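Values in this document were obtained by computation on a predicted structure and should not be read as measured data.
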Amino acid sequence: MASSDQRPSEAPPLTDRRTLLRTGIATGAAAAVALAGATGPAHAADPAGAAEPAAAPADGADRVITLTGQLPTGAPDFVYLPFEVPRGVREIAVSYRYDRPAVPAGTPGNACDIGIFDERGTALGGDGFRGWSGGFRTEFSLSREAATPGYLPGPINPGTWHVVLGPYQVAPAGLSYTVQVTLRFGPPGPAFTPAYPPERARGRGRAWYRGDCHLHTVHSDGRRLPAEVAAGARAAGLDFIVSTDHNTSSSHGAWGPLAGPDLLIVAGEEVTTRNGHWLALGLEPGRFVDWRYRARDDRFPRFAQQVRRAGGLVVAAHPYCPYVACQWKFGYRDADGVEVWNGPWTYDDESAVDTWDAGLAAALREGRDWLPALGNSDAHSAPQVIGAPHNVVLADDLSRPAILAGLRAGRSWLAESADVQLEFTAAGHGRRAGIGERLTVPADAPVDVALTVSGIPNGTVRLITDEGQLHQESLPASGSGTVVWRTTASLAAYVRAEVRRPRPDGTPGKGNAMGPDLPWGPMAALTNPIVLHAS
């Protein structure tokens with residue numbers, strides 16, 4: 001998988017085109033600190049000692065507030081630093097720094113994220129969210145007309161605002177921080193008008209559409225501008241993409257001019273909790289999904305339901321990612337899909353596919369809906385390749401509702417690139433079914449499973465059921481071929497296909513091999529199952 005979710009030890013430098021910041025000279029006294037969980041933040045007193053928002057200074061000079069503190073190991077996940085915004089502020093600029101003391105070998109060092117909430121408060125899922133940049137930026141600003149990527153333009157209303165720190169990791173010596181808030185006074189600028197993408201592109205009617213559902217831009221920890229992502233999607237031969245910046249909706253209003261008849265752009269978010277990441281796909285543009293909870297808080301079902309009510313999908317992302325807080329701990333009861341392939345193929349993808357496959361058998365045995373598999377690039381910056389991998393979805397139209405419906409039903413397969421073509425069917429007793437569909441036949445009626453593939457020279461085809469791999473066949477050097485295999489509904493509850501690249505030594509691998517190495521080469525294509533039901 002892509003290594004883009006790893007916590008950086010140093011914030012990357014900002015570039016002129018990726019920031020709207022103007023840095024002020026910091027002065028002022030330390031302010032009080034509120035420590036609290038996301039569900040019940042405590043409010044500290046106004047650092048300036050005022051009970052009501054003060055008026056703008058007579059000379060119109062900037063006002064700088066300095067907030068300092070020391071966090072011990074075991075500090076709350078989120079630390080809320082209140083500050084007062086008086087009337088007449090046109091812009092808020094924030095910068096921060098924290099120490100990085102030496103740590104013993106094998107011990108994580110300090111890493112601290114940052115964001116901001118306005119006068120409407122910090123309640124979980126509330127309206128006060130105004131932006132988040134994680135550990136990617138050391139400074140940001142926001143006003144009525146503009147904001148640093150990751151943050152939301154809008155009114156700068158008087159009242160108690162909060163900078164929120166997310167101490168992702170705290171060294172044994174603790175974490176000392178300094179936050180400087182600069183209040184700039186003057187008349188507000190014009191209101192920001194977001195340009196949301198349309199819900200429909202031209203399309204080809206009912207057809208197979210290719211799309212990457214996990215992509216990042218400068219609005220979170222990516223280094224690509226939205227325009228660069230859109231250009232990369234077109235170059236990769238994609239029909240749609242989903243914007244999934246971490247913990248913010250700020251990019252949604254930038255996609256409108258970049259969509260077109262040839263490219264559907266769908267709003268989303270990667271919700272980055274302390275117990276795993278999940279993709280909220282198909283959000284109402286501008287909608288923010290909160291991330292400030294753990295599995296033991298039992299808050300994930302609430303936000304999953306919120307996404308579904310709006311017609312979106314909940315997808316567990318890279319469930320075996322080895323980075324801090326990335327491993328999936330919420331279970332799959334409230335998920336609509338699972339990302340089993342994330343970026344370049346690695347051992348954690350093997351684990352994700354194995355877990356997903358075991359879940360297929362359990363779901364069919366228990367009469368539950370099975371969980372569709374997705375594959376996405378999770379591309380943040382070069383050299384990560386947009387669309388490697390991506391989903392190929394059978395949808396009635398190239399529109400947000402139709403694409404989401406196809407993904408939800410599992411009418412999709414996963415491809416390493418647009419060079420890979422695939423068709424997978426099962427036929428028997430005069431009936432036929434495709435990927436994500438159910439074939440109902442008499443228990444012992446012959447069922448012919450056929451896979452036609454191209455674009456994978458010397459690839460290895462694997463046909464897998466609830467009993468495991470039951471057929472393996474090699475493709476020729478041309479990379480094209482058709483594999484046919486016969487079974488019955490009494491022997492197989494489902495059948496799915498994988499096509500693998502050769503192993504590094506050039507061999508195809510074997511389904512019954514055991515040893516220290518991965519038995520297969522990288523995945524080139526993977527299908528969701530065809531369910532076989534005995535009548």
Roughly how far, to the nearest 0.5 Å, is [atom2] of [Y] from [atom1] of [X]?
X: Leu422; Y: Thr452; atom1: CG; atom2: OG1; answer: 8.0 Å
X: Leu526; Y: Ser412; atom1: CG; atom2: OG; answer: 9.5 Å
X: Gln472; Y: Glu498; atom1: CD; atom2: CD; answer: 10.5 Å
X: Glu284; Y: Tyr196; atom1: CD; atom2: OH; answer: 8.0 Å
X: Leu264; Y: Ser399; atom1: CG; atom2: OG; answer: 7.0 Å
X: Ile403; Y: Phe240; atom1: CD1; atom2: CZ; answer: 4.5 Å

Using every non-hydrogen atom in the two residues, find where [X] and [Y] come nearest and quote the distance to one decimal.
X: Val449; Y: Phe424; result: CG1-CE1, 3.3 Å
X: Trp520; Y: Thr460; result: CZ3-CG2, 3.8 Å
X: Leu279; Y: Ala317; result: CG-CB, 4.1 Å
X: Ile435; Y: Trp208; result: CD1-CH2, 4.3 Å
X: Arg501; Y: Ile456; result: NH1-CA, 3.8 Å
X: Ala363; Y: Asp369; result: CB-O, 3.8 Å

When you measure from the side chain of [X] to the backbone of [Y], do you find a donor-acceptor pair of N or O atoms at a distance under 3.5 Å?
X: Ser535; Y: Val441; value: yes
X: Asp334; Y: Ala304; value: no
X: Thr488; Y: Pro446; value: no
X: Arg432; Y: Thr425; value: no
X: Ser250; Y: Gly150; value: yes
X: Arg500; Y: Gly521; value: yes
X: Trp356; Y: Leu371; value: yes
X: Asn376; Y: His390; value: no
X: Asp396; Y: Ala402; value: no
X: Asn458; Y: Ser474; value: no

Given side chains that start at C-beta, do those of [X] and [Y] come closer than 4.5 Å, heavy atoms only?
X: His246; Y: Phe136; result: no
X: Leu407; Y: Asn391; result: yes
X: Thr244; Y: Glu269; result: no
X: Val353; Y: Trp341; result: no
X: Leu470; Y: Leu463; result: no
X: Trp255; Y: Pro285; result: no
X: Leu532; Y: Thr487; result: yes
X: Asp354; Y: Tyr320; result: no

side-chain contact (heavy atoms from CB on, under 4.5 Å), that's the test. Do Val461 and Leu475 meet it? Break it down for me. CA-CA 7 Å; Val461 172; Leu475 295 172; 4.0 Å; yes
Under a 3.5 Å threshold, yes or no: a donor from one side chain and an acceptor from the other, between [X] and [Y]?
X: Glu270; Y: His318; answer: yes
X: Tyr494; Y: Asn528; answer: no
X: His380; Y: Asp221; answer: yes
X: Thr273; Y: Tyr293; answer: no

Identify which one of Ile241, Asp262, Val229 satisfies the side-chain contact (heavy atoms from CB on, under 4.5 Å) criterion when paired with Arg234.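 Only one of Ile241, Asp262, Val229 forms a side-chain contact (heavy atoms from CB on, under 4.5 Å) with Arg234, namely Asp262.
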Under the criterion side-chain contact (heavy atoms from CB on, under 4.5 Å), which of Val289, Thr248, Asn247 is the partner of Phe129?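 For Phe129, the side-chain contact (heavy atoms from CB on, under 4.5 Å) check succeeds only for Thr248.
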Report the residue from Ser251, Ser220, Ser249 that forms a side chain to side chain donor-acceptor pair (under 3.5 Å) with Ser243.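 Of all the options given, the one that passes is Ser251.
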Under-4.0 Å salt bridge between Arg496 and Asp357: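 Salt bridge present between Arg496 and Asp357.
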Parallel, tilted or perpendicular: ring planes of Trp132 versus Phe78, cut at 30 and 60 degrees: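 Plane angle over 60°, so perpendicular.
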Residues Asp378, His216; criterion side-chain contact (heavy atoms from CB on, under 4.5 Å); working and verdict: CA-CA 7 Å; Asp378 195 7; His216 296 277; 3.1 Å; yes
Atom CZ of residue position Arg302 - does it have more than 12 heavy atoms of other residues, nucleotides or ligands inside 6.0 Å?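 Buried by this count: over 12 neighbours within 6.0 Å.
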Among Phe303, Phe330, Phe300, find the one that has a ring-ring contact (aromatic ring centres under 6.0 Å, His included) with Trp278.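 Testing Trp278 for a ring-ring contact (aromatic ring centres under 6.0 Å, His included) against Phe303, Phe330, Phe300 leaves exactly one candidate, Phe300.
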Apply salt bridge (Lys or Arg N to Asp or Glu O under 4.0 Å) to residues Asp239 and Arg204 and explain how you reach the verdict. CA-CA 10 Å; Asp239 301 295; Arg204 305 180 298 276; 3.5 Å; yes
Check the pair Ser478 / Ser480 against side chain to side chain donor-acceptor pair (under 3.5 Å), numbers first and verdict last. CA-CA 6 Å; Ser478 68; Ser480 300; 4.6 Å; no
